[in-house]
Structure formats: structure tokens, C-alpha cells
Number of protein chains: 2
Amino acid sequence: MKTRRASGRPTIADVARLAGVGAITVSRAIRDPNQVSEELRNRIEEAIRELNYVPNVQAQILASGQSNVIAVLLPSLTNSVYADVIRGIYDKVAPTRFHIQIGNTRYSEQEEDRLVALFAWQRPAAMLLAGLDQSETTRSFLADAEFPIVQIMEHGPAIDMGIGCSHKDAARAAVTHLIDCGYRRIAFLGARKDPRMMRRRDGYREALAALPGAKPIELLTPEPSGVARGRALFSQLLDTATDIDAVACGNDDLALGALFECQARGIAVPEQMGIIGFNDLEMAAAAVPAISTVRIDRYEMGRRAIGMLLDRLEGKKVGEPIVDIGFDVIRRASTSAVDQGVSAARSAKGG
Amino acid sequence: MKTRRASGRPTIADVARLAGVGAITVSRAIRDPNQVSEELRNRIEEAIRELNYVPNVQAQILASGQSNVIAVLLPSLTNSVYADVIRGIYDKVAPTRFHIQIGNTRYSEQEEDRLVALFAWQRPAAMLLAGLDQSETTRSFLADAEFPIVQIMEHGPAIDMGIGCSHKDAARAAVTHLIDCGYRRIAFLGARKDPRMMRRRDGYREALAALPGAKPIELLTPEPSGVARGRALFSQLLDTATDIDAVACGNDDLALGALFECQARGIAVPEQMGIIGFNDLEMAAAAVPAISTVRIDRYEMGRRAIGMLLDRLEGKKVGEPIVDIGFDVIRRASTSAVDQGVSAARSAKGG
DNA sequence: ATATACGATGGTAACGTTACCATGATTTCA
DNA sequence: TGAAATCATGGTAACGTTACCATCGTATAT
């Protein structure tokens, strides 16, 4: 008798033979133990231990038709923001039968279209996307996909499920905090121009609209973000608009860059210039002065997004399909100084 | 006739029927086109297009016995250092039939042991590990694994293949640069105490040994690294050793923290205090003053590590199994000042 | 011209698991 | 007490592909 088996790995048939039962009973004992009598279950478990049996995942998937891949499409893997999200995703998935396949869309809608189609053909068990701004093609393509889909980062109308927060509201709260501190000539700094960044800009505009006589001073670049980029942009801004007294930055990288530029020019923060960032990266709290920012629990967002997918895959009912995870404005030293006649809303929190 | 097929997805048999050939010929036409005559190849390709046929990966793996999973075990997913490595890994793997499965060892040898065993049972096509310091158990377990293994980050004796650099040499070069700048009372700051960190500490010691009369001043914590941690550690150090004039930091996070603490205490950098970091994170160049550091091409390291694995998997001969990717000491403003009678080796680069 | 090698193609049997249905034993209900 | 329902278990046939071997026709060597 001929065999093609290359690996010495034991099969379910080996276990069945050793335990003196049928192969299918072993299969059942593994997947749903209470379907099997205690006696057989014990014999099978012992056989599994003795042979060091590990099920062949590919065969399981082929036979059951059930994929164990959760496709995860993110715009960046390097960005700390997504690193935290990824950590949450992996932690939640680890103890399950599922595993993650990551795709990097590089902030490109075109690349996202390509990857969604590519991954969808592989029939993933579920899919996780960042943001709500997929192309019309992709949205309608996914609208009648048979697998659950969760969109993270933002709060709003999702294809299937979603968890995140309103970046517009968050940015508005941040800028409102600057206004409460007494700053009046407030600029906005942005980079990359991805959808979240643009919504933060919108929040900035809304907050400013509530400040009589204030008009927006904005500087955005489509180039990738970074501390050096923040410094260069803020330098450019200072050369143009000489009378600004605060800057709301689209993220903490830019904010740290702005702080460095202030240091280089001898501008006192927060006395002469207020600075607030976004994301609450670790460095923000340690800077001198500590940088005010907006915190979103990204790790938890990743965890809960996967949790929602798992619930659906297990047939459980998902409570709320669209979750607002909220945000916190973190008040620190970089925005605590000036008070030009307005009762400055200072906070006891932070550095 | 009954069928269990749930998905309407076309199979290789459908393609074969439409093209009027045998299923195996379709299989060959996909895997190695020159084995099939041009006429049939064209007919098959057209049938594939028409049916929108995509091969079932699970069935391929089951039938061929060849896995397409490359297991990647890293100590952290959040750390920017590994984020860059991961980017390189994904970019190199993307156009191949392989895909990545990431495990997070959290800088724990125990967790690494567990994950190596777990992944190895799944029979990956290849494995990528960080560092050379696996437990004896894991090393001997992997020594007779039948899949190729590459260890990244460090240069030295690998289980199978390796790519990285000597962190000891790199740190020695960094500290030697401080000495060349005229600094004499040089301290070392470290966190996490992972193997790379300890080798950098050793490099620091070696460099100091070449400086007559100098004795090591070291402060290391097993706690995770970070900017805040760097600030706290350096503050502690300054309270103890009041006469130090420079600090070599085990990474850029710590270095930035040290810089912030100097700012907070009004210590002039580089005049009163030289600072050098490690890794050349993006922020280092943008800080005020710009922070000197050691650069390793992590993205390229990730790419080439996967390249080595792919070469082996395709039966190609790998040139050198143990590659030294080298490093560069990046001289910037944070180490350019003092000159106490020694000819300071200032650099035109950076700053 | 004939034996031999080679190239192109196909049939059949795996790969290791699970779905479906059948069987016999046990329990439940009228 | 007998019929129906339920439970535990097993046999067989898929899942969709590739490995192995066989076949046939054509080119090459003697």
C-alpha cells in the first residue's frame, strides 16, 4: 500500500485507532465534547496526548468550508496609532481559532479597493476596515458580502458594524479647550489629509465659528505626518501668520514638531503659544512642557472590534452595531497659561 | 446527485471542463505554465478569466503538503523599531504565495518558547525570530526543524540564517563618538533589559575601557522603555551622579526623555550635557537640539530576512547565511559642543 | 529503420478533515 | 407495553487540489 504522507504527524485516524473509536467521534470530541460520552471522551483525550495530535487546520477548513481568516486592512503599520489598534486585535484573536491577515492600504483608496477585492476572493471569515470612507465600488461590493464587517476609528454610518469616535467632535472639543484657556488667534496644522484629518479640521472650524470674529488659519499638506513635518509646517505658518497665539495640531507628531519649533525660536509655551495635539501618544506627556491632546482608547477599540466580529461569527447577538467609544481631552501644561480677560478653564489634570 | 458545495465558487474542474482539458493540466498551467503547450495554456487562461476562477488555498496546501505560512515572532508590535521591520516584511512577502502570521512574545523568553512550539506544530513554511537569545529548549527544538529559520536584529551565530548588526559594536561606536567630542563623564541609560539592550551596555563599557580613568555610570531598569521612562531615569541619575557630562541612551525614546529632563532643569545640550540615542527614530532629527543616534536600516533588514527565507524555499542558494547589515553613527547637534583639550571629532552631517 | 528518450497530457488516488445519513441502544410518552 | 423520540456512535462520501504513474506521439540517436 502506498502513501503520500510526508510528515510523521499523526492524523485523526491514528487517534481513533488508538482510542478504539471512529474517526468522526474523535472529531466530535474535539469540537463539541458534550456530544460524546465521558468514557470515550477520556480515552480520546488520552490518545491525543499520547500521540501529540494537532488537527490539520487546512483540512478542517477544506472539509467544513469555514475559513478562519479575519482580514484586517489598515492604512499604515508604522504609525503608533495603528500599532496600538493591532495590539488590541491580536490580543483578542489569540485565544480563538481565528487568525489575522493584515493588509496595508497605505492611505490609498485605490490600494484599498484592490486589497478588499483580493481578500474577499479568499472568502475570509470576517473583515476589519479603517474609517468610513471606502470608495463607492468597495462599499457596494461589501454591502452584500456574506461575512461580517467592522469599521474602526470613526463613529458614523457603517457598512455593517462600526466602532470609533467622532473626530470632528473630538477636535472641536480640543479647540474649544484652547478658547477656554484664553487663546484667540488659533491655527490648525494638518498632514496626510486622510479622512480623519479632514474631519478634525472640520471640528476646528466649528469650534472657531463659536468664537466671534475669529477666522480659520489653516495649513495642511498631503505629505505624510511626522515630527519633522510638524516642525517645518509650523515654521512656515509662523512666517506667514505672525500673530497666532495657539495651534491645534491634527496629531501628536505634528504637535511635538510645533513645540520643537517654538523652542528653536525662543517662543514660550504655553505663555506665548498654546499647543494641543491629537492621539495622546506616550511622548506627549513627557514633553517639556507636557502637550495637551485628545485621547482615544485605541487598544480597546481594536479589542472590541474583533469582539463584535467574533460575536457575530458565533451567532451571538451583537448589542449595538455602531459603537461610539468616545474621547477625552487631556489638559496639560502646553495649554494652561494665557488668560486675556476670559475666565480660563484650567484643569487640575495632567502635567 | 448530491453535493455539499456551499460556495458558488468555480473549481479547477469547472475550468478544465470549459477549456476542454484535464483538471491536472489546469493545475500545471497555473503553477508552471511552460509545462503546458501554448494552445492549451491560452484556452485555460481564457477559461480562468471567464469563470473568475481563484484557486482554493486550503486545498492547495492540503494536497501539496506545502504550507504558505511564514511565522513571524517579534517581541513587540507597538515599538516603532519593529513597526519598520514589519513593513519591510510585508512588502517583501506581498507578491508571493506566502503570508505572514505574527506572534507577539512581549519580550518574554517563556512566551517565545510557547509560541515557537505552537507555531511549529502548524508546520509553517518558514520562521522569523528576533534576536539570538532563544532558550536552550527552543534552540535545540528548532535546530532540527525542517523549515528555514532566520533570526533578525543581531549579528552572530544563528540557528539557521541571520541578518542584523552587532549592537555592542554600534553602541561602542556611539560612546566613542561622545569621547571624541570631548565628553569625559559618560553615563548609560537603559530600559527593558532585553538582550539587545544589554549588548549595547556592553559596548558602552568597552568604549569606556579605552578612556583612561573613566568608570561606568549605569542606570538600567527592567521596566518597558518610553520617553517618560527616559525622563524619570535621567532625573534619578542626575540626582545621584551630579558630575556627568554626557549620557548614552539605549534607544531614542530614552534619549528624548533625557533631553526633556535637561530642558526642564535648564541644562544646556550639548554644551553642558551630551546626549546620544539609538535607532534613529524620526523624531530624533527634529528635536531641539537634534539628537545624535545610531541608525540601522530596519526596513531593509525585514525585507532581506524574508528574501533569504524565500530563496531557500525556492531552492535557490542563499549567498551568505549570516549577514551583517551594519550601522551608522548619526552625528547631530546634541553631541557637538564641548572640547576639553581633546580634538573633538565633529561631523558635518546632521544637525 | 528501429530503439530510445522526451514532452505533453490525463486518470486515479491520495491529502486529513467534516457533513450527512444510518444504526442500534436507551429513554420518554401515551 | 409498544411506539416514538432521543442519544451515542460509526460508515461513507465529499471538500478542491496535487502527486504519482500511465499513455501517447514525436524527436533523437544509432
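The sequence lines fix the lettering, A, B, ..., with proteins before strands; numbering per chain opens at 1.
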When you measure from the side chain of A:Asp91 to the backbone N and O of A:Gly88, does any donor-acceptor pair fall under 3.5 Å? no
Side chain B:Arg41, main chain B:Pro33, donor-acceptor under 3.5 Å: yes
Does [X] make a side-chain N or O approach to OP1 or OP2 of [N] shorter than 4.0 Å?
X       : N      : answer
A:Ser37 : D:dT9  : yes
B:Ser27 : D:dT18 : yes
B:Arg31 : D:dA19 : yes

Counting heavy atoms from C-beta on, name the nucleotide in [options] closest to the side chain of [X].
X       : options                : result
B:Val36 : C:dT9, C:dT17, D:dG16  : C:dT9
B:Arg28 : C:dG10, D:dG16, D:dA19 : C:dG10
B:Ala63 : C:dG10, C:dC15, D:dG10 : C:dC15
B:Thr25 : C:dG10, C:dT17, D:dT18 : C:dG10

How long is the line joining [atom1] of [X] and [atom2] of [N], in whole Å?
X       : N      : atom1 : atom2 : result
A:Leu62 : D:dT17 : CG    : P     : 9 Å
A:Arg97 : C:dT17 : CZ    : C1'   : 14 Å
B:Leu51 : D:dG16 : CG    : C1'   : 15 Å
A:Ile24 : D:dT9  : CD1   : P     : 13 Å
B:Asp32 : C:dT9  : CG    : C1'   : 14 Å
A:Ile48 : C:dT17 : CD1   : C1'   : 14 Å
A:Ile12 : D:dT12 : CD1   : P     : 17 Å
A:Gln60 : C:dC15 : CD    : P     : 17 Å

Contact class for A:Leu40 vs. all strands (heavy atom < 4.0 Å): base, sugar-phosphate, or nothing? sugar-phosphate
Close side-chain approach of B:Val116 to B:Gln134, heavy-atom, < 4.5 Å: no
Heavy atoms, side chains only, cut-off 4.5 Å: are B:Leu310 and B:Lys92 in contact? yes
Please work out which of the three classes, parallel, tilted or perpendicular, describes the rings of B:Tyr82 and B:Tyr107, given edges at 30° and 60°. perpendicular
